[in-house]
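Taking it in order: structure first as structure tokens, then the write-up.
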Amino acid sequence: MRLSNCHNFHDFRELARRRLPGPIFNYIDGAADDEVTHRRNTTSFERCDLVPNVLRGVESVDMSVTVMGQKLATPFYCSPTALQRLFHHDGERAVAAAASKFGTMFGVSSLGTVAVEELRKAYDTPQVYQFYFHKDRSLNRAMLQRAKTAGVNVMMLTVDSITGGNRERDLRTGFSIPFRLTLGGMLEFARRPAWGVNYMTHERFRMPQLDEHMDMSGGAMSIGRYFTEMLDPAMNWEDVAEMVRLWDGQFCLKGVMSVEDAMRAAEIGCTGIVLSNHGGRQLDGSRAAFDQLAEIVDSVGDRIDVIMDGGVQRGTHVLKALSLGAKAVGIGRYYLYPLAAAGQAGVERALGLLRAEVERGMKLMGCTSVRQLTRDNLRFR
Ligand SMILES: Cc1cc2nc3c(=O)[nH]c(=O)nc-3n(C[C@H](O)[C@H](O)[C@H](O)COP(=O)(O)O)c2cc1C
């Protein structure tokens, strides 16, 4: 199976499965507890149908959107994800390069493996910095300042990870950073020697967003310990309001799901919220972002930009979310599998297919601009 044989999400996933050691594939593919929310994220799009209009003259289609002050050529962007150089040695460099070719935004995680400054200098497409809130307030201030100096466009505070999700696949394989694999996990690595050769022959694995502030490198601090010891479970609305003031720019909360929280986010000056359940990796049994979207758009959509992510695998999923009022849609695994399978070429192929699907879908819907996608185009079953 080759990249050129990949025509959709499932093909990329299969290619990634064949190329990655089992523990790494399962880290990407897995979710919390019984993975119910993870599955529902995609099936929720099937709750409604698109109602097309015809004979509207759709020879050219404008897919661009403006979200949190950023103009994106496509209504989807690459949501921040951790550890990308573990999936492919180019990691964030490949994703940023591909996002920039498509004129869209990409996110860099606090647990990212390429420095935010390097990416900012290399590409001028809008960049999100995904932040976790630490107990040490001076560390938070220093990291915000660093992102500001680097020229990050949007600060995205993840609020759904106050404690780690129960990812049972990772418990079984022993996946952790630094590696502490079970015997079965080690055998899985032995079955994918090409991955090992790549990993050993490229630049050392680092987490530069954190390395500067704590020793994550030589295994001194594991990600598990980072979450339990460094992050602040007492984080509250006052803390975030202070961060919003300090940042003094585009600021969004990732992982808001309730109307009450969405209104609070607007009150404290956030310019956006991302409805998200972290790809089903945190609270299993929580609602799919798409199911919750209309309610949130109705309550705060006129005050802040409402974005959603989770389960997006098709252009028509993007169209349905936009029709309900989302300003843009984040993708996660949709670009991670092709990254793992084929680096930048993989991500470019995936973004190209999704863009073509959105464009084709808009034409078939009789829409020449994203603004024409409304709830009139949808019927719920
Ligand atoms: C392997 C992996 C790592 C992730 N790392 C982060 C992270 O570091 N910070 C964060 O806020 N979200 C993280 N996410 C969540 C994504 O940003 C996004 O919310 C989610 O992947 C969307 O669901 P989807 O994968 O079904 O598209 C991660 C997701 C995956 C699959």
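Numbering of ligands and ligand atoms starts at 1, following listing order.
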Practice task
Would you check if there is a donor-acceptor pair between the side chains of Thr113 and Glu92 at a distance under 3.5 Å?
Solution key: yes
Problem - Part of Ala82 within contact of ligand 1 (heavy atoms, under 4.0 Å) - result: both
Practice task
Considering the heavy atoms of Ile28, write down every atom of ligand 1 situated less than 4.0 Å from one of them.
Solution key: 1 (C), 31 (C)
Problem - Atoms of ligand 1, numbered as shown, that sit under 4.0 Å from any heavy atom of Tyr27 - result: 1 (C), 3 (C)
Fill in the blank from the handout: for atom 11 (O) of ligand 1, nearest protein heavy atom and its distance come out as Thr158 OG1, 2.7 Å
Exercise for the section: Output yes when the distance from some N or O of ligand 1 to some N or O of Tyr132 is under 3.5 Å, and no in every other case. Expected result: yes
Exercise for the section: Run the salt-bridge test on Asp298 and Arg375 with the 4.0 Å N-O cut-off and return the result as yes or no. Expected result: yes
Practice task
Of all the heavy-atom pairs spanning Thr42 and Gln313, show the shortest one and how long it is.
Solution key: OG1-NE2, 3.3 Å
Practice task
For ligand 1, indicate whether the residue Arg333 contacts it via side chain, backbone, both or neither (heavy-atom separation under 4.0 Å).
Solution key: both
Problem - Heavy atom of the protein closest to atom 20 (C) of ligand 1 (residue, atom name, distance) - result: Gly279 N, 3.7 Å
Handout entry: Side-chain H-bond candidate by donor/acceptor type, His134 with Tyr226, under 3.5 Å
Key = yes
Fill in the blank from the handout: Nearest non-hydrogen protein atom to atom 8 (O) of ligand 1, with distance, is Ser109 OG, 2.8 Å
Practice task
Report yes if Thr81 has an N/O atom closer than 3.5 Å to an N/O atom of ligand 1; otherwise report no.
Solution key: no
Completion exercise
Judged by heavy atoms only, the candidate from Gln209, Arg281, Gln84 nearest atom 31 (C) of ligand 1 is Arg281
Practice task
Give a yes-or-no answer on whether the side chains of Arg167 and Gln282 include a donor-acceptor pair shorter than 3.5 Å.
Solution key: yes
Practice task
Please state whether the rings of Phe290 and Phe380 are parallel, tilted or perpendicular, taking 30° and 60° as the class boundaries.
Solution key: parallel
Handout entry: Between Asp309 and Ser276, a side-chain donor and acceptor under 3.5 Å
Key = yes
Practice task
Before signing off on this row, confirm whether Gly311 and ligand 1 have an N or O atom pair separated by under 3.5 Å.
Solution key: yes
Fill in the blank from the handout: If we number the atoms of ligand 1 from 1 as shown, the ones under 4.0 Å from a heavy atom of Ser276 are 19 (O)
Problem - Under 3.5 Å side-chain donor-acceptor pair for Tyr335 and Gln84 - result: yes
Handout entry: Residue part near ligand 1, for Met156, under 4.0 Å between non-hydrogen atoms
Key = neither
Handout entry: Side-chain donor-acceptor contact under 3.5 Å, Gln250 with Thr271
Key = yes
Handout entry: Nearest non-hydrogen protein atom, atom 10 (C) of ligand 1
Key = Lys254 NZ, 3.4 Å
Exercise for the section: Please indicate whether any nitrogen or oxygen in Asn41 is less than 3.5 Å from any nitrogen or oxygen in ligand 1. Expected result: no
Exercise for the section: Could you list the atoms of ligand 1 found under 4.0 angstrom from a heavy atom of His278? Expected result: 6 (C), 10 (C), 11 (O), 12 (N), 13 (C), 14 (N), 15 (C), 19 (O)
Completion exercise
To atom 17 (O) of ligand 1, the nearest of Pro80, Gly310, Gly332 on a heavy-atom basis is Pro80
Fill in the blank from the handout: closest protein heavy atom to atom 22 (C) of ligand 1 is Asp309 OD1, 3.6 Å
Handout entry: Option from Arg245, Arg137, Arg141 for which salt bridge (Lys or Arg N to Asp or Glu O under 4.0 Å) with Asp239 holds
Key = Arg137
Exercise for the section: Give, for atom CZ of Arg314 and atom CZ of Phe45, the distance between the pair rounded to the nearest 0.5 Å. Expected result: 13.0 Å
Practice task
For ligand 1, indicate whether the residue Thr42 contacts it via side chain, backbone, both or neither (heavy-atom separation under 4.0 Å).
Solution key: neither
Handout entry: Residues Thr173, Arg169; criterion side-chain contact (heavy atoms from CB on, under 4.5 Å); working and verdict
Key = CA-CA 6 Å; Thr173 62; Arg169 293 203 217 180; 5.6 Å; no
Practice task
Look at the rings of Trp195 and Phe189 and say which category their plane angle falls in: under 30° parallel, 30 to 60° tilted, over 60° perpendicular.
Solution key: perpendicular
Practice task
Would you check the N or O atoms of Tyr334, main chain and side chain alike, for any that come under 3.5 Å of an N or O of ligand 1?
Solution key: no
Fill in the blank from the handout: Any heavy atom of His38 under 4.0 Å from ligand 1? The part involved is neither
